[in-house]
Amino acid sequence: MLFADIDILDENFAVRPHQWVGVRDGRIAYVGAKPPAAEVAASFGEVYDGAGKLLMPALYNAHAHAPMTLLRGYAENLPLQRWLEERCFPFEAKMTAEDCYWGTVLACAEMARFGVVSFSDMYYASEGRSRAVLEAGMKANMCEGLVAFEEKPYAEYPICAQMEELVRHWHGAGEGRIRIDYNIHSEYLSTETVCRDILDIVRGTDLRLHIHLSETEKEVRECRERHGGLSPVAYFDSLGLFDVPVTAAHCVWVDEADLDILAAHGVFVANNPASNMKLGSGFAPIPEMLRRNIPVCLGSDGMASNNSHNLFRDMYLQALIYKGADLDPTAVTPQQALASATRVGALSQGRDDCGSVAEGMRADLCVLDTSGPSWCPATDVVYNIVYAGDGADVVLTLCDGEVIYRDGAWPTIDVERAKAECAARAARIIAEL
């Protein structure tokens, strides 16, 4: 595809008007202020009219629980422990592998519609979830949820063999679109032995870790009681966990010492502003993290605690809420919010050649319609993207150069069937409860 005379958000998160961008073999092969030579232009195929459009990197959801689309609207207006114990856990106990598959199909459709091409997913039934992602033409880092209470070797847990199979058969599947991450759910649902054993497996490989970290005040308080005053960050650091690539979701209740640790190890923090507010967990200290050069990415979390995979909404929240919370209108810039949703999210997934509109990068792209009234006047388009734009403005999403959403249609997903399947499966589970 050749994008003709289109505004672009470049690798420096600046808008460059009237550019030409050529996509070939899944990568960006040309970016310039003039059209390529005729023979080169012909090699890109379809010419896409860029009038009234903006081309930007696609988005990367750094923390999700895709099958929880089935719980959308079910677990509402409850404190965290009641939300978990009275609604989420009983519902999830009745979910089958096929339920997880269809929940992921619907999540893929929703994310693609809002310009997301890849997500880091923590749940169960990873084979089915991975199949759904490949069928949708998208990317994902999959990890199988681990709950470990017994102080015994990881090898004695059935999930150990399951993870070995996942890595063997799915890590790198779909020409690298599927990656398998190891999972330690949290300090309170793991043991020291299991953590050390998983660390030994991951160290020295191209695998990564995905964890929940310091999400609530209660979690941190009880961890200190269990581990001689150590916070969850300090506890995991004492085990050497951050010696390997880690994406840590939430990181709401962290102190200065915790931030020092996260910065020293380059831990990716997946901020979930909508979920953190909805569950009353609090606000991660994102401005301070950014000042310390901690890589901050962006997540939606599950649909029981957010209700929408529209990552543009989460990006808007990340750019806005800290101005009020910190009484500082400069707390988070639009460029920082855009980086979190795009390039840093890609890096958190180990996708080094993704997340920028630049020659040689993978063609993970989305196009926004900027002709509507909310985009006018275009005094500063970067500010418009974050504060005035929305996922509903996305008219085209490409993953590795292939169309996964265009003008209200999903060429890779039967959206009507996915909706029907998810509605019926959610109704079945609720009836059983």
Side-chain angles (χ1 to χ4, degrees), residues 59-66 116-124 126-127 129-130 133 138-146 148 154 159-160 162-187 189-190 194-214 232-233 236-237 239-251 261-272 289 294-301 340-355 362 364:
L59 278 56
Y60 300 80
N61 187 339
H63 182 65
H65 308 286
V116 175
V117 295
S118 186
F119 57 102
S120 295
D121 207 47
M122 184 190 296
Y123 216 68
Y124 308 100
S126 295
E127 295 90 342
R129 289 185 292 133
S130 298
V133 170
M138 295 177 66
K139 305 176 183 180
N141 284 41
M142 291 290 176
C143 64
E144 187 78 9
L146 167 67
Y154 180 60
I159 195 175
C160 180
Q162 183 182 0
M163 284 298 302
E164 289 176 355
E165 285 295 300
L166 285 172
V167 171
R168 185 177 300 114
H169 295 294
W170 287 98
H171 188 57
E175 298 182 329
R177 287 191 286 121
I178 298 294
R179 294 180 58 91
I180 300 298
D181 292 347
Y182 269 78
N183 169 236
I184 295 172
H185 180 280
S186 55
E187 175 275 329
L189 291 181
S190 64
V194 163
C195 290
R196 291 187 186 278
D197 289 350
I198 290 176
L199 177 61
D200 288 341
I201 293 169
V202 173
R203 185 185 283 117
T205 72
D206 68 339
L207 300 168
R208 310 176 76 83
L209 274 174
H210 192 164
I211 66 175
H212 291 107
L213 187 64
S214 300
V233 175
F236 281 138
D237 184 48
L239 304 181
L241 202 74
F242 301 131
D243 294 342
V244 300
V246 173
T247 295
H250 302 293
C251 297
I261 293 169
L262 297 174
H265 292 281
V267 175
F268 288 90
V269 172
N271 187 30
N272 300 264
M289 291 178 183
I294 295 171
V296 175
C297 39
L298 194 62
S300 65
D301 212 354
S340 292
T342 59
R343 178 63 174 161
V344 183
L347 293 174
S348 77
Q349 297 178 351
R351 303 183 187 277
D352 298 348
D353 57 353
C354 300
R362 290 193 176 273
D364 293 347

With D197 via side-chain hydrogen bond (donor to acceptor under 3.5 Å, both in side chains) - residues at least two apart: none

Chi angles and distances behind the side chain to side chain contact (heavy atoms under 4.5 Å, CB included) call for L262, L213: CA-CA 11 Å; L262 297 174; L213 187 64; 4.2 Å; yes

Close side-chain approach of S214 to V233, heavy-atom, < 4.5 Å: yes

For H65, ring pair (Phe, Tyr, Trp, His ring centres under 6.0 Å) partners two or more places apart: H63, H212

Over all atoms of both residues, closest heavy-atom pair of A249 and N272: CB-ND2, 4.2 Å

Euclidean distance, I211 CD1 relative to S190 OG, rounded to 0.5 Å: 9.0 Å

Test side chain to side chain contact (heavy atoms under 4.5 Å, CB included) applied to R129 and D121, step by step: CA-CA 9 Å; R129 289 185 292 133; D121 207 47; 2.7 Å; yes

Gap between atom OG of S126 and atom CE of M142 - 0.5 Å precision: 7.0 Å

Heavy-atom side-chain contact between L146 and Y154 under 4.5 Å: yes

Min side-chain heavy-atom separation V194-I184 under 4.5 Å: no

Under 3.5 Å: donor-acceptor pair, side chain of R196, backbone of G240: no

Got a list of side-chain donor-acceptor pairs under 3.5 Å for residues 165-173, not counting sequence neighbours?
| from | atom 1 | to | atom 2 | distance (Å) |
| --- | --- | --- | --- | --- |
| E165 | OE1 | H169 | NE2 | 3.1 |
| E165 | OE2 | R168 | NH1 | 2.2 |
| H171 | ND1 | I180 | N | 3.0 |
| H171 | NE2 | D206 | OD1 | 3.2 |
| H171 | NE2 | D206 | OD2 | 3.3 |

Side-chain heavy atoms of F236 within contact of C195, under 4.5 Å: yes

Within-4.5 Å side-chain heavy-atom neighbours: C354 and Q349: no

L347 versus R208, closest heavy-atom pair with distance: O-NH2, 3.4 Å

Exam field: side chain R203 to backbone L241, donor-acceptor pair closer than 3.5 Å: no

Pairs satisfying salt bridge (charged side-chain N to carboxylate O under 4.0 Å, His left out), at least one member in residues 176-185, at least two apart: none

Closest heavy-atom pair and its distance - G176, R351: O-NH1, 3.0 Å

Salt-bridge contact K139-D364 (side-chain N to carboxylate O under 4.0 Å): yes

Short side-chain to backbone donor-acceptor contact, T247 and F268, under 3.5 Å: no

Interatomic distance, C297 atom SG to N271 atom CG [nearest 0.5 angstrom]: 8.5 Å

Minimum side-chain heavy-atom gap D301-H250 below 4.5 Å: yes

Residues forming a side-chain contact (heavy atoms from CB on, under 4.5 Å) with Y124, sequence neighbours excluded: E144, V147

Under the side-chain contact (heavy atoms from CB on, under 4.5 Å) test, residues paired with A263 that sit two or more places apart: R292, I294

Test item: N61 and L298 side chains (from C-beta on) under 4.5 Å apart, heavy atoms: no

Reported SG-to-CD1 distance for the pair C143 and I159, which is rounded to 0.5 angstrom: 9.0 Å

Side chain to side chain contact (heavy atoms under 4.5 Å, CB included) evaluation trace for N183 with L209: CA-CA 6 Å; N183 169 236; L209 274 174; over 6 Å; no

Y60 vs N141 side-chain heavy atoms within contact, under 4.5 Å: no

Residue pair M163, I201: steps toward the side chain to side chain contact (heavy atoms under 4.5 Å, CB included) verdict: CA-CA 11 Å; M163 284 298 302; I201 293 169; over 6 Å; no

